[in-house]
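Working notes for the structure below.
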2 protein chains.
Amino acid sequence: MVGGKIIGNEKLKIGDLAKMTGITKRTIDYYTNLGLLKAERSTSNYRFYTSEAIERIHEIEAMKAQGMCLQDIKKSLDVEHNGNPKEDLQEICLHMQTLQSEVSTLIESMNRQEQSTKETIKNKVLPESVTLIQSLLRLIT
Amino acid sequence: MVGGKIIGNEKLKIGDLAKMTGITKRTIDYYTNLGLLKAERSTSNYRFYTSEAIERIHEIEAMKAQGMCLQDIKKSLDVEHNGNPKEDLQEICLHMQTLQSEVSTLIESMNRQEQSTKETIKNKVLPESVTLIQSLLRLIT
DNA sequence: AATATAAACTATAACGTGATGGTTGGAGGG
DNA sequence: CCCTCCAACCATCACGTTATAGTTTATATT
C-alpha cells in the first residue's frame, strides 16, 4: 500500500452506485439531472461518481424521509457544503456559459424582429431586469 | 350568433384537448413543457389551449410517425410557422424572463464569493460574452 | 496474441404512474 | 340567493417503464 486509499474506490458507474446504496439507477439518473449528484463523464459519456456520492445519497434519503422536496434538499445541501469553493466556482462558470448562449439566441431573435416589435419588447422588459443585467456586467468587467 | 365563431372553440383545458385528439393528458403535458405546445395560464395556473393546438398535435404525430424526434419536430415547426410574429414576440419575452431569473441567481452566487474567487471567474468569462451582454443591454434600453 | 462476437452495462427519449395538493362547477340545504 | 360540500379536474413531483442506440467486457475462435 503505497499511498493508496483502501476504501474510497473512485470511478463508480451508475450501476455500482445503485448496488451500493440500494436505490435504483433511474433515481440516480434523475438526481444527477437535477444537479443533486455530480458526476464526471467519460469520453463515451458514461457517468463516473466518487464514493462521496454514496454519503450524499444517504443524506438525501434522510431529508426526503422528513418530507423535504428534492429542490429544497438541493439548496440545503448546496449551502451546507460550503468549504469547497471549487465546486461552486465550476457551477457558476457553467451557469455563465448557459447564460451566454441564452443571450446569444435571444439577440438573434431580437435582430430578426422589426423596429416596432423591438419597441414592444423593450417596453415589456422590466426596469429591474435592466438594472440586473447592468449589475452583472459590472461584476464581470 | 353575433360575431361568434361556430367552431374555433377557444380556452381548451388539457382534458378537452386530450379527448379531441386522442392523446393522453400526460403527453400534452410533456409537449407543453418541451415548448411544442403553447398554452396560456389561468390565474389558478390551469393551461388553456386554443383550437390551433389540435392541428398542431396532428402535425406532431405525423412527423413522429416518420421517425423524427420531438426536438427536431419542435425546430421544424418553429421555423415553419414564421408568418406569425406575435408568437415569436411572446417567446422572446418568455426568454427574457428566464434570462432575468438566470442572471438573478448568478449574481447572488457571485456575491457569495470572495474577491479572489470573483477575479478567477472574471478571467474565465470570455470577452465575447461581455460584448454579447452589452449588445443585449443596448437592445433593451 | 489478435479478433470476432455475444452478454452486460450505459445514456437518452418519450411517455406512464401514483401521490399530493390546489381548483371549479354543480347539487342540495338553509 | 347564499353557503357548503363533493366529485371531477388540473398541476407538479418523483420516479417507473420501454425502446433505441452506443459502450465495455468477457468469451470463444482463429
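By convention in this document, chain letters (A, B, ...) are assigned in the order of the sequence lines, proteins followed by strands, and residues within each chain are numbered from 1.
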Does OP1 or OP2 of dC13(D) have a side-chain N or O of Lys74(A) closer than 4.0 Å? no
May I ask you to verify if any side-chain N or O of Tyr31(A) is less than 4.0 angstrom from the OP1 or OP2 atom of dA14(D)? no
Apply side-chain contact (heavy atoms from CB on, under 4.5 Å) to Thr43(B) and list each qualifying residue two or more places apart in sequence or on a separate chain. none
Taking Thr131(A)'s backbone N and O only, do any of them form a donor-acceptor pair with Ser135(A)'s side chain (distance below 3.5 Å, no angle check)? yes
Would a distance-only check, ignoring hydrogens and angles, find a side-chain to backbone donor-acceptor pair under 3.5 Å from Thr21(A) to Leu17(A)? yes
Rounding to an integer number of Å, can you tell me how far Leu12(A) CG sits from dT24(D) C1'? 17 Å
For Lys25(B), salt bridge (Lys or Arg N to Asp or Glu O under 4.0 Å) partners two or more places apart: none
Rounded to whole angstroms, how far apart are CG on Leu36(A) and P on dC13(D)? 13 Å
Look at atom CE of Met20(A) and say whether more than 12 heavy atoms of other residues, nucleotides or ligands are closer to it than 6.0 Å. no
Please tell me which of the listed nucleotides, dC10(D), dA11(C), dC15(D), lies nearest to the side chain of Lys13(B)? dC10(D)
Main-chain N/O of Ser51(A) paired with Arg56(A) side-chain donor or acceptor, under 3.5 Å: no
Write down the distance between CG (Asp72(B)) and P (dA13(C)), rounded to a whole number of angstrom. 11 Å
Any protein N or O atoms within reach of nucleotides 3-6 of chain C? Criterion: under 3.5 Å, listing atom names and distances.
none

Indicate whether OP1 or OP2 belonging to dC10(D) is found under 4.0 Å from a side-chain N or O atom of Arg47(B). no
Taking only nitrogen or oxygen atoms into account, show me every contact under 3.5 Å that the protein makes with nucleotides 16-20 of chain D, one pair per line with its distance.
unit_1	atom_1	unit_2	atom_2	d
dG16(D)	OP2	Thr24(A)	OG1	2.6
dG16(D)	OP2	Thr27(A)	OG1	3.4
dG16(D)	N7	Arg26(A)	NE	3.0
dG16(D)	O6	Arg26(A)	NH2	2.9

Would you say that more than 12 heavy atoms from the other residues, nucleotides or ligands in this model lie under 6.0 Å from the CD of Glu61(B), or not? yes
Separation of Ile28(A) atom CD1 from dC15(D) atom C1', in whole Å? 13 Å
Once Watson-Crick and G-U wobble pairs under 3.5 Å are found, how is DNA chain C written in dot-bracket notation, 5' to 3', with | for any base paired to another strand? ||||||||||||||||||||||||||||||
Nearest to the side chain of Tyr30(A), heavy atoms from C-beta on, is which of dC13(D), dT12(D), dA13(C)? dC13(D)
Leu37(B) CG to dA14(C) P: how many Å, rounded? 14 Å
Decide, yes or no, whether a salt bridge links Arg26(B) with Asp29(B) under the criterion of side-chain N to carboxylate O below 4.0 Å. yes
Both Thr43(B) and Cys69(B) contact DNA chain C. Taking the nearest nucleotide for each, which residue is further toward the 5' end? Cys69(B)
Is the shortest side-chain heavy-atom distance between Ile54(B) and Leu12(B) below 4.5 Å? yes
First encountered from the 5' end of DNA chain D, between Asn45(B) and Glu61(A): Asn45(B)
Could you tell me whether the side chain of Lys11(B) reaches within less than 4.5 Å of the side chain of Thr50(B), counting heavy atoms only? no
Minimum-distance nucleotide to Ile14(A) side chain [options: dC10(D), dA11(C), dC15(C)]: dA11(C)
Evaluate the criterion side chain to side chain contact (heavy atoms under 4.5 Å, CB included) for residue pair Leu137(A) and Ile133(A); output intermediate values, then yes/no. CA-CA 6 Å; Leu137(A) 212 56; Ile133(A) 294 174; 5.7 Å; no
Could you state the CD-P distance from Glu40(B) to dA11(D), rounded to the nearest angstrom? 14 Å
When the distance from NZ of Lys64(A) to P of dA19(C) is rounded to whole Å, what number comes out? 15 Å
So, do Lys64(A) and Met68(A) sit near enough that their side-chain heavy atoms are less than 4.5 Å apart? no
Step through the shown structure and confirm whether more than 12 heavy atoms of other residues, nucleotides or ligands are within 6.0 Å of CD on Glu119(B). yes
Do any N or O atoms from the side chain of Asp16(A) and from the backbone of Lys13(A) form a donor-acceptor pair under 3.5 angstrom? yes
Just the table, please: protein N/O against nucleotides 21-23 of chain D N/O, every pair under 3.5 Å.
unit_1	atom_1	unit_2	atom_2	d
dG22(D)	N2	Tyr46(A)	OH	2.7
dT23(D)	O4'	Tyr46(A)	OH	3.1
dT23(D)	O3'	Ser44(A)	OG	3.2

Starting at CG of Leu70(A) and ending at C1' of dC15(D), how long is that distance when rounded to a whole Å? 9 Å
Verify side chain to side chain contact (heavy atoms under 4.5 Å, CB included) between Thr32(A) and Tyr49(A), making sure each step is shown before the conclusion. CA-CA 10 Å; Thr32(A) 307; Tyr49(A) 301 90; 2.7 Å; yes
